[in-house]
Amino acid sequence: MRASKKSRSAEKTRNSSGETHISGAEGLFNSSDIQKIAKNFIERALHHERGTPDTIVITIESIQESQRKISSLPLSTLRCHFPSESKHFIQKILRFLGISARAIQAADRIIQHGNMRGASILHEKTARRLEHNKMRGVRVSRFGIHKTAGKKLGMQLSRLGIHTDTVTEALILASKVASCSGVVAELCVSDDPHYTTGYIASEKLGYLRIPKIKRKGSRAGGRVFFVKDGTDASSLAHYLERVPVLITHIAPCRKTVTIDEIQDRHNK
Ligand code: WAQ
Ligand code: MG
């Protein structure tokens, strides 16, 4: 699903297509669930805090190919109290993962600017943008979770008090992204003005939730995938957009961790 609104003034748009992105959602589902899911997606599009859309597009495709089966990333939440603290931690963690200061700055600019439907792909060292359409970005799709694994994940998230569609969908998406060999890390900030928890996801550190990643009321938001040198952006985009991936195994979900615990655990 994608919902958008024509902008009244070109200046407000910040996007030469003349459209403001309101909301988007996708997934891999059983055909028996189509009506329920479509209804839920339409609800979300119509009642979104980014505004009321004038266009909602729903695409339903039958997928015949077999799915690649993967595990979810282990989840934890970083102890973090202020946006200034989160900014510092994000830099520390991304540097720890080998990403250059230049690429971190570029990612910050992309996310502050916002209004992309998809994600940007950045070279982890040179900060070169590799996605073909820089206005739209790459939209990850065809990711889902097996019923049994979904129940197990739901129970783990409920215990932590974070069993929401937002967390569940973000974890599934991030697990698909991290399963690509060229991807070193993903940085995500929601574009919803009141959703201020974001994450850094990586094969190395798992899905690390970062509270206070932006100030309440901010319309900034976006996703950046940092990739290794030599990554072919077209094959990566093909995998992210087209290859069906299903979560069939759930890695542990933990409570909060401190920045020192993360570094100590991985320096050993
Ligand atoms: N593929 C690529 N990029 C996407 C996709 C997608 N399927 N969906 C959204 N984006 C990009 C796009 O630029 C959006 O503006 C931006 O990400 C944010 O999207 O554990 O809600 O749907 O509590 O607002 C994180 C949850 C929630 C953290 C993220 O993102 C937690 C969220 P949103
Ligand atoms: Mg959003």
Side-chain angles (χ1 to χ4, degrees), residues 1-5 14-15 17 19-28 41 44-45 47-51 53 59 72-78 80 86 90 107 109-122 129 131-144 153 156-157 160-178 180 183 186-201 206-214 218-225 233 236-243 245 253-257:
M1 175 277 290
R2 73 185 164 90
S4 60
K5 182 168 68 173
R14 301 190 299 166
N15 172 336
S17 68
E19 271 185 359
T20 301
H21 166 74
I22 302 279
S23 163
E26 49 275 295
L28 265 183
F41 282 5
R44 275 202 228 180
H47 306 286
H48 201 282
E49 54 176 286
R50 285 175 63 81
T59 309
S72 62
L73 289 170
L75 172 147
S76 52
T77 302
L78 185 66
C80 173
S86 79
I90 289 167
R109 276 197 300 272
I110 292 166
I111 289 173
Q112 290 309 322
H113 185 272
N115 204 33
M116 281 174 77
R117 265 176 58 210
S120 178
I121 302 175
L122 281 190
R129 282 183 80 161
E131 72 273 19
H132 290 301
N133 182 339
K134 297 189 177 50
M135 213 164 68
R136 174 187 182 271
V138 173
R139 185 93 196 170
V140 188
S141 193
R142 304 197 174 184
F143 50 86
L153 177 63
Q156 291 213 37
L157 295 179
L160 298 172
I162 50 171
H163 187 199
T164 62
D165 284 348
T166 307
V167 176
T168 309
E169 285 172 16
L171 177 64
I172 301 171
L173 183 153
S175 302
K176 175 173 181 182
V177 174
C180 309
V183 176
E186 171 187 356
L187 172 64
C188 167
V189 178
S190 169
D191 54 24
D192 304 17
H194 292 95
Y195 201 89
T196 57
T197 302
Y199 65 83
I200 292 175
Y207 178 91
L208 187 57
R209 304 179 65 238
I210 307 180
K212 305 282 189 291
I213 204 163
K214 69 171 186 181
S218 158
R219 290 178 71 88
R223 278 183 161 90
V224 173
F225 305 149
L236 175 62
H238 173 80
Y239 178 76
L240 294 171
E241 293 177 338
R242 310 294 300 173
V243 177
V245 170
C253 299
R254 307 167 16 127
K255 264 193 142 126
T256 52
V257 287

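Order of appearance sets the numbers: ligands from 1, and atoms from 1 within every ligand.
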Would you find a donor on one side and an acceptor on the other, under 3.5 Å apart, between the side chain of Arg44 and the backbone of Ser23?
no
Quick one, Arg209 and Ile162 - any side-chain contact, counting heavy atoms below 4.5 Å?
yes
Write 'none' if nothing qualifies; otherwise put on separate lines each N/O atom of ligand 1 with a protein N/O atom under 3.5 Å away and their distance to 0.1 Å.
from	atom 1	to	atom 2	distance (Å)
ligand 1	1 (N)	Val140	N	2.7
ligand 1	3 (N)	Ala119	N	3.4
ligand 1	7 (N)	Glu26	OE2	3.0
ligand 1	7 (N)	Arg139	NE	3.4
ligand 1	7 (N)	Val140	O	2.9
ligand 1	8 (N)	Arg139	NH1	3.2
ligand 1	8 (N)	Arg139	NH2	3.3
ligand 1	10 (N)	Arg223	NH1	3.3
ligand 1	13 (O)	Met116	O	2.8
ligand 1	13 (O)	Gly118	O	2.9
ligand 1	15 (O)	Met116	O	3.3
ligand 1	15 (O)	Asp191	OD2	2.6
ligand 1	17 (O)	Arg223	NH1	3.1
ligand 1	19 (O)	Arg223	NH1	3.4
ligand 1	20 (O)	Tyr207	OH	2.7
ligand 1	20 (O)	Arg209	NE	2.8
ligand 1	23 (O)	Tyr195	OH	2.6
ligand 1	23 (O)	Arg209	NE	3.3
ligand 1	23 (O)	Arg209	NH2	2.9
ligand 1	24 (O)	Ser190	OG	3.2
ligand 1	24 (O)	Asp191	N	3.0
ligand 1	24 (O)	Asp191	OD1	2.8
ligand 1	24 (O)	Asp192	OD1	3.2

Residues in side-chain hydrogen bond (donor to acceptor under 3.5 Å, both in side chains) contact with His238, at least two apart in sequence or another chain:
none
Evaluate Ser76 against Arg254 for side-chain hydrogen bond (donor to acceptor under 3.5 Å, both in side chains), listing each step before the verdict.
CA-CA 5 Å; Ser76 52; Arg254 307 167 16 127; 5.0 Å; no
In a check of side chain to side chain contact (heavy atoms under 4.5 Å, CB included) between Arg223 and each of Val177, Leu173, Ile111, which one passes?
Leu173
For Arg2, which residues count as a side-chain hydrogen bond (donor to acceptor under 3.5 Å, both in side chains) partner, sequence neighbours excluded?
none
What is the number of protein N/O/S atoms located under 2.8 Å from the Mg ion (ligand 2)?
2
Where is the tightest heavy-atom contact between Arg50 and Pro193, given as atom of each residue plus distance?
CG-CD, 3.9 Å
For Leu78 and Ile200, run side chain to side chain contact (heavy atoms under 4.5 Å, CB included): C-alpha distance rounded to whole Å, both residues' side-chain angles, the deciding distance at 0.1 Å, then the answer.
CA-CA 10 Å; Leu78 185 66; Ile200 292 175; over 6 Å; no
Judged by atom type as modelled, is there a donor-acceptor pair below 3.5 Å linking the side chain of Lys214 to the main-chain atoms of Gln112?
no
